[in-house]
Q: 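The following block contains the structure, expressed as structure tokens.
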Amino acid sequence: SFPTRRSSDLYYHSATHVLNMRDLLAALGISSTVPVGNSLGGGVALHYTMSYPEQVAKLILMAPGGLVDPRKFVGVSPGLQAMWSWAKNRPATKAEAESSYRALLAKLVHNKADITDEAIAERIDIAMEQPMVLYETLQTPYYTIPQLREITCPVLGFWGRHDQFLPFEQNEVLKEALPNSRIVLSENAGHWVMIEDKQVFNREVLDFLENG
């Protein structure tokens, strides 16, 4: 069994997530996996691949962290700045927070219609409970191009051209480091390619899993 700790006691660096993933996979007897991650999750997937390459058969990333020094873009990222501001100033009640939270999620997508009532309902309770320490310690390591070239498994990457969180130009870093990686750029998406351009995402992922 895994220890239970209050969320306010945790350090939310991707190292925490990577160790939890390692322990979970070991407990389940899984020795080979395909990490799939978006944004912070992409940074965690990348961190896991760099830490345990022998366990990663393939890697799927959607606008991941970890490719560029965050000091180069966090301060001018409309989405990340809005996320930090909302977390720091969020209203005390869910009813009061819903409007501003909807506006925050709208920055994740190109078409605001993708932020449905269901999308809000799925997320807002968790967002209201997240301690500020999550945002204060949330980070992943970033890797240089020589370090990224150590990745030997097949890699599939997705970016939306309208991303307001992690600039889609960051795909060029992965392309330079791993010229054999498969990169898919969506004209219809922001930060959530898998939701906004789901048919393309599903088709590309299935083909990648089957054919590499």
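For clarity, every value in this text was computed on a predicted model and none was experimentally measured.
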Q: Keeping the roles fixed (side chain from Lys107, backbone from Pro78), state whether a donor-acceptor pair exists under 3.5 Å.
A: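 Between the backbone of Pro78 and the side chain of Lys107 there is no qualifying donor-acceptor contact (under 3.5 Å).
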
Q: For residues Thr152 and Pro53, determine if any side-chain heavy atom of one lies less than 4.5 Å from a side-chain heavy atom of the other.
A: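 Of all side-chain heavy-atom pairs linking Pro53 with Thr152, none is under 4.5 Å.
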
Q: Looking at Lys175, is its backbone amide N or carbonyl O close enough to the side chain of Ser181 to form a donor-acceptor pair, meaning the two atoms are under 3.5 Å apart?
A: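 Checking the backbone N and O of Lys175 against the side chain of Ser181, no donor-acceptor pair under 3.5 Å is found.
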
Q: Are Val18 and Leu28 joined in one hydrophobic group, where the rule is that I, L, V, M, F, W and Y side chains link up if heavy atoms are under 4.5 Å apart?
A: yes

Q: If you measure from CG on Leu185 to CG on Asn171, what distance do you get to the nearest 0.5 Å?
A: 4.5 Å

Q: Is it the case that over 12 heavy atoms from other parts of the model lie below 6.0 angstrom from the CD atom of Glu54?
A: yes

Q: On a heavy-atom basis, which atom in Ala57 and which in Val34 lie closest, and how many Å separate them?
A: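 For Ala57 and Val34, the tightest heavy-atom pair comes out as CB-CG2, 4.4 Å.
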
Q: Kindly give the heavy-atom pair with the smallest separation between Leu148 and Leu178, and that separation in Å.
A: O-CD2, 3.5 Å

Q: When rounded to the nearest 0.5 angstrom, what is the spacing between CG in Asp207 and CZ in Arg182?
A: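 It comes to 4.5 Å.
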
Q: Just to verify, what does Glu196 make a side chain to side chain contact (heavy atoms under 4.5 Å, CB included) with, not counting sequence neighbours?
A: Val109, His110, Asp114, Ala189, Trp192

Q: I'd like to know if the side chain of Thr140 reaches the main chain of Val44, judged simply by a donor and an acceptor atom lying under 3.5 Å from each other, with no hydrogens or angles considered.
A: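 No, the answer is negative, given that no donor and acceptor are paired below the 3.5 Å cut-off.
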
Q: Go through Ile183 and Leu174 one step at a time and tell me if the side chain to side chain contact (heavy atoms under 4.5 Å, CB included) criterion holds.
A: CA-CA 8 Å; Ile183 308 295; Leu174 193 62; 3.7 Å; yes

Q: Would you say the side chain of Pro154 lies within less than 4.5 Å of the side chain of Phe208, judging by non-hydrogen atoms?
A: yes

Q: How close do Glu204 and Leu156 get, counting heavy atoms only, and between which atoms?
A: O-CD2, 3.9 Å

Q: Tell me, do Val205 and Ile60 make a side-chain contact under 4.5 Å, heavy atoms counted?
A: yes

Q: Spell out, as yes or no, whether a donor-acceptor pair under 3.5 Å connects the side chain of Gln81 to the backbone of Val74.
A: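 Confirmed, Gln81 side chain pairs with Val74 backbone.
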
Q: A side-chain contact here means heavy atoms from C-beta on lying under 4.5 Å apart; do Met21 and Gln55 qualify?
A: no

Q: Which distance, rounded to the nearest 0.5 Å, do you find between the CZ of Arg123 and the CG of Leu108?
A: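 Answer rounded to 0.5 Å: 8.5 Å.
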
Q: Can you check whether His17's main-chain N or O pairs, donor with acceptor, with Ser14's side chain at less than 3.5 Å?
A: no

Q: Does the pair Met132 and Tyr135 meet the rule for a side chain to side chain contact (heavy atoms under 4.5 Å, CB included), with working shown?
A: CA-CA 5 Å; Met132 196 62 202; Tyr135 296 92; 4.1 Å; yes

Q: Is Glu172 reaching over with its side chain to a backbone N or O of Glu169, donor-acceptor style, under 3.5 angstrom?
A: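 No, Glu172 side chain to Glu169 backbone: no donor-acceptor pair under 3.5 Å.
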
Q: Taking 4.0 angstrom as the limit, do Glu98 and Lys94 come out as a salt bridge?
A: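 The answer is no: the pair does not qualify as a salt bridge.
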
Q: Between Gln170 and Phe73, is the side chain to side chain contact (heavy atoms under 4.5 Å, CB included) condition met? List the steps.
A: CA-CA 10 Å; Gln170 293 187 10; Phe73 65 90; 3.4 Å; yes

Q: Is any side-chain heavy atom of Trp159 less than 4.5 Å from a side-chain heavy atom of Pro64?
A: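 Answer yes - side chains close enough.
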
Q: A side-chain contact here means heavy atoms from C-beta on lying under 4.5 Å apart; do Tyr142 and Arg71 qualify?
A: yes

Q: Between the side chain of Thr137 and the main-chain N/O of Val133, is any donor-acceptor distance below 3.5 Å?
A: yes

Q: If we ignore hydrogens and angles and just use 3.5 Å, is the side chain of Arg203 paired with the main-chain N or O of Val200 as donor and acceptor?
A: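 A pair under 3.5 Å: no.
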
Q: Flag yes if Val56 and Ile30 sit in one hydrophobic cluster, no otherwise; membership is Ile, Leu, Val, Met, Phe, Trp, Tyr, and two members link when side-chain heavy atoms are under 4.5 Å apart.
A: yes

Q: Looking at every non-hydrogen atom in both residues, tell me the closest pair between Arg161 and Glu187 and how far apart they are.
A: NE-OE2, 2.7 Å

Q: Has the side chain of Asp197 got a donor or acceptor atom that lies under 3.5 Å from a matching backbone atom of Val193?
A: no

Q: Taking side chain to side chain contact (heavy atoms under 4.5 Å, CB included) as the test, write out the residues that go with Ala15, two or more places apart.
A: His13, His47

Q: When rounded to the nearest 0.5 angstrom, what is the spacing between OG1 in Thr93 and CE in Met128?
A: 6.0 Å

Q: Taking C-beta and beyond as the side chain, do Asn38 and His191 meet within less than 4.5 Å on heavy atoms?
A: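 They are in contact (side-chain heavy atoms under 4.5 Å apart), so the answer is yes.
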
Q: Dump the intermediate steps for side chain to side chain contact (heavy atoms under 4.5 Å, CB included) on Tyr48 and Arg22, then the final yes or no.
A: CA-CA 8 Å; Tyr48 196 89; Arg22 181 202 63 186; 4.0 Å; yes

Q: What pair of heavy atoms forms the shortest contact from Ile120 to Tyr101, and how long is it?
A: CD1-CD2, 4.1 Å

Q: Would you name the heavy atoms of Leu61 and Ala45 that are closest together and state the gap between them?
A: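 That closest heavy-atom pairing would be CD2-CB, 4.1 Å.
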
Q: Let me confirm one number: the CG-OH distance from Leu134 to Tyr12, rounded to the nearest 0.5 Å.
A: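 Between Leu134 CG and Tyr12 OH, I get 5.0 Å after rounding to 0.5 Å.
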
Q: Please check if the side chain of Ser39 supplies one atom and the backbone of Gly41 the other of a donor-acceptor pair under 3.5 Å.
A: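 A pair under 3.5 Å: no.
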
Q: Can you check whether Phe201 reaches Met62 side chain to side chain, under 4.5 Å on heavy atoms?
A: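 In contact.
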
Q: Supply the atom-to-atom distance Gln199 CD to Asn188 CG, rounded to the nearest 0.5 angstrom.
A: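 The CG atom of Asn188 is 10.5 Å from CD of Gln199, to the nearest 0.5 Å.
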
